[in-house]
Protein chains: 2
Amino acid sequence: MLQLDYRDRRPLYEQIKEKMKELIINGILKQDERIPSVRELAQLLTINPNTIQKAYKDLEVEGFIYSIRGRGSFVAPLNDVINQTRLNELTKDLEKLIAEMMYVGLTKEQIISSVDRIYKERQDKMEDD
Amino acid sequence: MLQLDYRDRRPLYEQIKEKMKELIINGILKQDERIPSVRELAQLLTINPNTIQKAYKDLEVEGFIYSIRGRGSFVAPLNDVINQTRLNELTKDLEKLIAEMMYVGLTKEQIISSVDRIYKERQDKMEDD
DNA sequence: CTTGATGTATTATTTAAACTAATACACTTA
DNA sequence: TAAGTGTATTAGTTTAAATAATACATCAAG
């Protein structure tokens with residue numbers, strides 16, 4: 001379900017965050033589905049529970065999961081995810097990315113066709129579920 | 001010209017890289033223009049020269065600047081910037097970003113109109129120079 | 001040819017962040 | 001009640017970032 005890469009120079013909790021986001025975004029984990037507990041995942045990955053805790057806390061702040069003491073952690077419903085702060089961050093990231101793409105000489109048409117292709121590929125993938 | 005943020009949790013050399021990229025991408029620094037020397041910038045920012053050196057080395061690898069021993073560091077000509085490796089990285093970043101934007105419910109049209117807006121804004125800005 | 005500036009490299013040290021470890025507590029469910 | 005959950009705290013270790021002090025090769029100017 002989750003594989004860590006120790007050659008990766010990024011912190012473990014970042015890797016966990018990214019992998020978990022992917023699982024949620026790609027629909028592998030469904031809304032309100034329970035995800036492994038802090039201790040379970042720590043044991044599975046043979047790392048410290050505190051590291052999982054940090055990853056989960058970040059994911060909760062970003063709106064991807066919610067946690068209930070005594071019960072566990074769960075995939076957040078979409079409504080919770082769509083918060084303006086996150087949207088602003090994503091837009092800012094998009095601006096940076098496009099700025100660099102323009103700089104290396106990509107035309108608007110090239111960029112948009114990339115967006116189009118990516119969008120289509122993702123839609124196809126989601127329809128398979 | 002360059003302002004560091006010590007509340008930022010990212011490493012200083014990352015901040016320097018990002019700021020320098022912005023200056024180049026936004027056309028503030030022109031092709032073949034000389035940028036501050038390692039020692040100059042270190043003194044200006046009151047940080048260690050080795051930190052600047054690391055930032056500059058990274059920027060050179062990514063194709064944004066080139067350095068000549070004994071002379072200084074300069075903004076790279078565009079042709080050098082367009083390398084396939086960098087393009088692949090940018091495309092991968094774009095894929096991740098769009099995936100998350102789709103997840104939070106943005107339609108293809110919304111994303112493309114964002115791209116369109118960003119592109120136009122940047123073109124206007126560049127024409128002012 | 002000397003001088004001062006440049007990029008580059010190396011080694012050692014300090015500082016900060018990431019990670020581990022061991023507990024503790026409040027809450028939920030069976 | 002017992003076992004599992006999230007959460008918090010404190011301490012220690014490990015790793016990365018940043019500093020510090022040099023050294024060397026190159027280039028331009030005097």
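Only heavy atoms go into these numbers, but all of them, side chains included; no hydrogens, no water, no symmetry mates. Worth saying up front: this structure is predicted, and the values here are computed from it rather than measured. A note on names: the letters A, B, ... follow the listed sequences, proteins ahead of strands, and every chain is numbered from 1.
Looking only at distances, a side-chain donor or acceptor of B/K19 sits under 3.5 Å from a matching main-chain atom of B/Q3. Listed for the B/Q15 side chain is a donor-acceptor partner under 3.5 Å among the backbone atoms of B/D5.
If you check D/dT7, D/dG6, C/dT8 against the side chain of A/E60, the one that comes closest is D/dT7.
OP1 or OP2 of D/dT5 has not a single side-chain nitrogen or oxygen of A/S67 nearer than 4.0 Å. For the OP1/OP2 pair of D/dA8 and a distance below 4.0 Å, the side-chain nitrogens and oxygens of A/K57 include at least one atom meeting the criterion. In this structure, B/T51 does not reach the D/dA17 phosphate: none of its side-chain N or O atoms is under 4.0 Å from OP1 or OP2.
Under 4.0 Å is where a charged nitrogen must lie from a carboxylate oxygen, and between A/R122 and B/E95 no such pair does. Checked for salt-bridge contact, B/D124 and B/K120 miss the test: no charged N lies under 4.0 Å from a carboxylate O.
Taking for each of A/N50 and A/G70 the nucleotide of DNA chain D with the nearest heavy atom, the 5'-most of the two is the partner of A/G70. Toward the 5' end of DNA chain D, the nearer of the two residues B/P49 and A/Y56, judged by each one's closest nucleotide, is A/Y56.
The nearest whole Å value for the distance from the CZ atom in A/R69 to the P atom in C/dT29 is 14 Å. The separation between B/I52 atom CD1 and C/dT8 atom P is 13 Å, rounded to whole Å. Protein atom CD of A/E14 is 14 Å distant from nucleotide atom C1' of C/dC19, rounded to whole Å. Nucleotide C/dT10 holds its P atom 14 Å from the NZ atom of B/K54, rounded to whole Å. If you take CZ of A/R71 and P of D/dG4, they are 17 Å apart, rounded to a whole angstrom. If you measure from atom CG of B/D58 to atom C1' of C/dG7, you get 15 Å, rounded to the nearest angstrom. For B/L41 and D/dT19, the CG to P distance is 12 Å, given to the nearest whole Å. If you take CG of A/N48 and C1' of D/dG12, they are 12 Å apart, rounded to a whole angstrom.
By the criterion of side-chain heavy atoms lying less than 4.5 angstrom apart, applied directly or through intervening Ile, Leu, Val, Met, Phe, Trp or Tyr residues, A/I68 is not grouped with A/L41; the two fall into different hydrophobic clusters. Under the 4.5 Å side-chain heavy-atom criterion for Ile, Leu, Val, Met, Phe, Trp and Tyr, B/V61 and B/Y13 are members of distinct hydrophobic clusters. Linking Ile, Leu, Val, Met, Phe, Trp and Tyr whenever their side-chain heavy atoms come within less than 4.5 Å puts B/I118 and A/I112 in one cluster.
On a pure distance criterion of 3.5 Å, no polar donor-acceptor pair joins the side chain of A/R39 and the base of D/dG4.
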Trace of the salt bridge (charged side-chain N to carboxylate O under 4.0 Å, His left out) decision for A/E89 with A/R86: CA-CA 5 Å; A/E89 284 175 5; A/R86 187 68 192 144; 2.5 Å; yes
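Axis orientation changes by 30° from one end of the helix from C/dC1-D/dG30 to C/dA30-D/dT1 to the other, with each end axis drawn from 5 pairs and the value rounded to 10°.
In the model, A/N26 has no side-chain atom that pairs as donor or acceptor with a side-chain atom of B/Y103 under 3.5 Å.
In this structure, the separation between CD1 on A/I65 and CZ on A/F74 is 10.5 Å, given to the nearest 0.5 Å.
Within residues 5-13 of chain B, the residues having any heavy atom closer than 4.0 Å to DNA chain D are, in order of number, B/P11, B/L12, B/Y13.
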